[in-house]
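Structure, as structure tokens:
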Amino acid sequence: MTKTVLITGASSGIGLEFVKLFANDGYNLVVIARNEEKLLEIKKSYPHNNITVISKDLSRSNAIKEIVDEMKAHDIVVDVLINNAGFGLLGSFEDLSIEKQLEMIQLNISSLTELTYQLLPDLKKSKSGKILNVASTAAFQPGPNMAVYYATKAFVLSFSEALAEELRPYSITVTTLCPGATKTNFSSVAKVENTKMFSNAMSSEVVAKQGFDSLMQGKRVVITGGLNKIGALAAKFLPRRTAAKVAKLVMKEN
Ligand SMILES: NC(=O)c1ccc[n+]([C@@H]2O[C@H](COP(=O)([O-])OP(=O)(O)OC[C@H]3O[C@@H](n4cnc5c(N)ncnc54)[C@H](OP(=O)(O)O)[C@@H]3O)[C@@H](O)[C@H]2O)c1
């Protein structure tokens, strides 16, 4: 039977690259983001795949319930869940709007958690349930001037690794993708285009392919790019205070 993948943040960047990989592999897709026009373009580009478009703002607290209800109404059962939607913002905690930062927590943490919870019964039924959560290299240390963003990604990594262990008896794998700077709309939304970190960003195509391959192999954590792997390893051994100072330097404008 044809398998179904649900991808959040499917309209651009890493999510869009995931769409291409799964569509070319013959999956049915449920694509979710706010930009309905872009999602409908995706549907048009893959006439041989069964694609369900759900245009939804995942920073609204009732969004997941509405998505689950819509999928139930159409008898859609998900085998693979890709929790990819997310955004960041550069600026001190005090200067950034509290509304925007709470929206970030709702999108990056609460929606990801609730969607995973609601789809678990489906994933257990599937003989090969798989989850991929997109965290970031930001997950490995505190991030001054992006404090809430880094903290949301630390949540994603910790949550996903714990869930991977809980779900092992059910043969459901949970993979956490930790990209470093990647060329997508993220940098303009987060206003980090001119930072040292983004002076050498990877392509979203390469990042998604590494995520896709790791998901298929059931790997737990994948950090994209050699330098990012070294950075994440260094963060493990440095005192947290020093790691925070390094992160602050890396997020400085050029
Ligand atoms: N690019 C990087 O350097 C980088 C590094 C590490 C981790 N990441 C993570 O990678 C993931 C994907 O980001 P990206 O780099 O591909 O950036 P992107 O090109 O900006 O893509 C973000 C995706 O999330 C969707 N999205 C944003 N806000 C949403 C909302 N409120 N409701 C529903 N969908 C929403 C966007 O679609 P709409 O605008 O149509 O809603 C878009 O499809 C994020 O979780 C990000 O934190 C990115």
Side-chain angles (χ1 to χ4, degrees), residues 6-21 29-42 53-64 66-67 82-90 99-112 114-115 132-141 143 146 148-157 159-160 176-193 195-211 221-225 227-228 231-232 247 250-251:
L6 182 153
I7 303 175
T8 69
S11 63
S12 72
I14 299 168
L16 180 57
E17 295 302 327
F18 272 122
V19 167
K20 294 177 191 168
L21 290 161
L29 291 99
V30 179
V31 289
I32 301 176
R34 289 166 302 183
N35 191 324
E36 187 168 29
E37 209 175 301
K38 281 197 188 158
L39 297 178
L40 290 171
E41 264 173 41
I42 291 172
V53 165
I54 304 183
S55 158
K56 198 67 72 182
D57 182 347
L58 295 173
S59 66
R60 284 179 36 243
S61 59
N62 54 343
I64 301 301
E66 290 168 9
I67 289 169
I82 308 287
N83 276 312
N84 163 74
F87 77 96
L89 274 181
L90 181 67
E99 289 77 16
K100 266 287 178 202
Q101 294 184 88
L102 293 176
E103 199 180 297
M104 192 191 297
I105 292 172
Q106 183 70 33
L107 176 66
N108 297 9
I109 296 182
S110 302
S111 286
L112 175 147
E114 190 181 349
L115 189 58
L132 182 142
N133 291 334
V134 180
S136 164
T137 48
F140 298 102
Q141 67 283 295
M146 274 189 115
V148 171
Y149 177 70
Y150 274 56
T152 64
K153 294 304 184 178
F155 172 93
V156 174
L157 177 62
F159 167 66
S160 307
T176 315
L177 176 63
C178 300
T182 308
K183 286 177 208 140
T184 66
N185 292 338
F186 176 89
S187 55
S188 63
V189 173
K191 303 193 171 39
V192 291
E193 301 107 313
T195 58
K196 292 191 192 343
M197 186 165 185
F198 274 78
S199 53
N200 202 11
M202 287 176 73
S203 90
S204 52
E205 200 180 342
V206 170
V207 168
K209 181 73 169 86
Q210 285 186 21
V221 178
V222 51
I223 301 165
T224 59
L227 272 179
N228 293 327
V250 172
M251 292 317 295

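None of the values given here were measured: they were computed from a predicted structure. Because only heavy atoms are used, hydrogens play no part in the values below, and waters and symmetry mates are left out as well, while side chains stay in. Read the numbers this way: they start at 1 and go in the same order the structure lists the ligands and their atoms. Along the sequence shown, residues carry numbers from 1.
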Below 4.0 angstrom, N of the basic side chain to O of the carboxylate: do E17 and K209 qualify?
no
To which protein heavy atom is atom 9 (C) of ligand 1 closest, and what is the distance rounded to 0.1 Å?
V134 CG1, 3.7 Å
Quick one: does R60 get a heavy atom under 4.0 Å from ligand 1?
no
Would you check the N or O atoms of R34, main chain and side chain alike, for any that come under 3.5 Å of an N or O of ligand 1?
yes
of all protein heavy atoms, closest to atom 11 (C) of ligand 1 is N84 O, 3.0 Å
Decide whether a cation-pi geometry holds between K183 and F198; the criteria are a distance under 6.0 Å from NZ or CZ to the six-membered ring centre and an angle within 45° of the ring axis.
no
Is there a side-chain contact between L89 and Y149 in this structure, where contact means two heavy atoms from C-beta onward sitting under 4.5 Å apart?
no
List the atom of C178, the atom of T137, and the distance in Å for their closest heavy-atom pair.
O-CG2, 3.8 Å
Using a 4.0 Å cut-off to any heavy atom of A181, which atoms of ligand 1 qualify?
3 (O)
Which residue and non-hydrogen atom of the protein lie closest to atom 25 (C) of ligand 1, and at what distance in Å?
G9 CA, 3.6 Å
Shortest protein contact, atom 46 (C) of ligand 1 (heavy atom only)
Y149 OH, 3.7 Å
Heavy-atom contacts under 4.0 Å between L107 and ligand 1: side chain, backbone, both, or neither?
side chain
Any side-chain heavy atom of T184 sitting closer than 4.5 Å to one from V189?
no
Among G86, A63, G15, S59, which one has a heavy atom closest to atom 22 (C) of ligand 1?
G86
For ligand 1, which atoms have a heavy atom of G13 less than 4.0 angstrom away?
16 (O), 19 (O)
Taking the side chain as everything from C-beta on, heavy atoms only, tell me whether L58 gets closer than 4.5 Å to I67.
yes
Which segment of K183 sits under 4.0 Å of ligand 1 when only heavy atoms are counted:
neither
What I want to find out is whether E205 reaches K20 closely enough, with some N-O distance under 4.0 Å, to be called a salt bridge.
no
Kindly state whether the ring of Y150 and the ring of F155 have centres lying under 6.0 angstrom apart.
no
Quick check on contacts: which atoms of ligand 1 are under 4.0 angstrom from a heavy atom of D57?
30 (C), 31 (N), 32 (N)
Atoms of ligand 1 under 4.0 Å from any heavy atom of N35, numbered from 1 in the order shown, are 40 (O)
side-chain contact (heavy atoms from CB on, under 4.5 Å) assessment of M146 paired with V192
CA-CA 10 Å; M146 274 189 115; V192 291; 3.9 Å; yes
Do L6 and L115 have side chains that approach each other closer than 4.5 Å (heavy atoms only, starting at C-beta)?
yes
Counting from 1 in the order shown, the ligand 1 atoms closer than 4.0 Å to a non-hydrogen atom of L58 are 30 (C), 31 (N), 32 (N), 33 (C)
Looking at P179, which atoms of ligand 1 are within less than 4.0 Å of one of its heavy atoms?
5 (C), 6 (C), 7 (C)
Which segment of A201 sits under 4.0 Å of ligand 1 when only heavy atoms are counted
neither
Quick one: do K38 and E41 make a salt bridge, cutoff under 4.0 Å?
no
Heavy-atom side-chain contact between V156 and V134 under 4.5 Å
no
The atoms of ligand 1 lying under 4.0 Å from a heavy atom of A10, numbered in the order shown, are 43 (O)
Close side-chain approach of I32 to V30, heavy-atom, < 4.5 Å
yes
Just heavy atoms, cut-off under 4.0 Å: does A135 contact ligand 1 by side chain, backbone, both, or neither?
backbone
Are F140 and L157 close enough that some pair of their side-chain heavy atoms sits under 4.5 Å apart?
yes
Identity and separation of the nearest protein heavy atom to atom 36 (C) of ligand 1:
S11 OG, 3.8 Å
Under 4.0 Å to a heavy atom of I14 - the qualifying atoms of ligand 1, by number
10 (O), 15 (O), 16 (O)
Identity and distance of the protein heavy atom lying nearest atom 18 (P) of ligand 1
S12 OG, 3.5 Å
Do any nitrogen or oxygen atoms of F198 lie less than 3.5 angstrom from nitrogen or oxygen atoms of ligand 1?
no
Considering heavy atoms of the protein only, find what lies nearest to atom 5 (C) of ligand 1 and give residue, atom and distance to 0.1 Å.
G180 O, 3.1 Å
Nearest protein heavy atom to atom 15 (O) of ligand 1, by residue and atom, and its distance?
T184 OG1, 2.6 Å
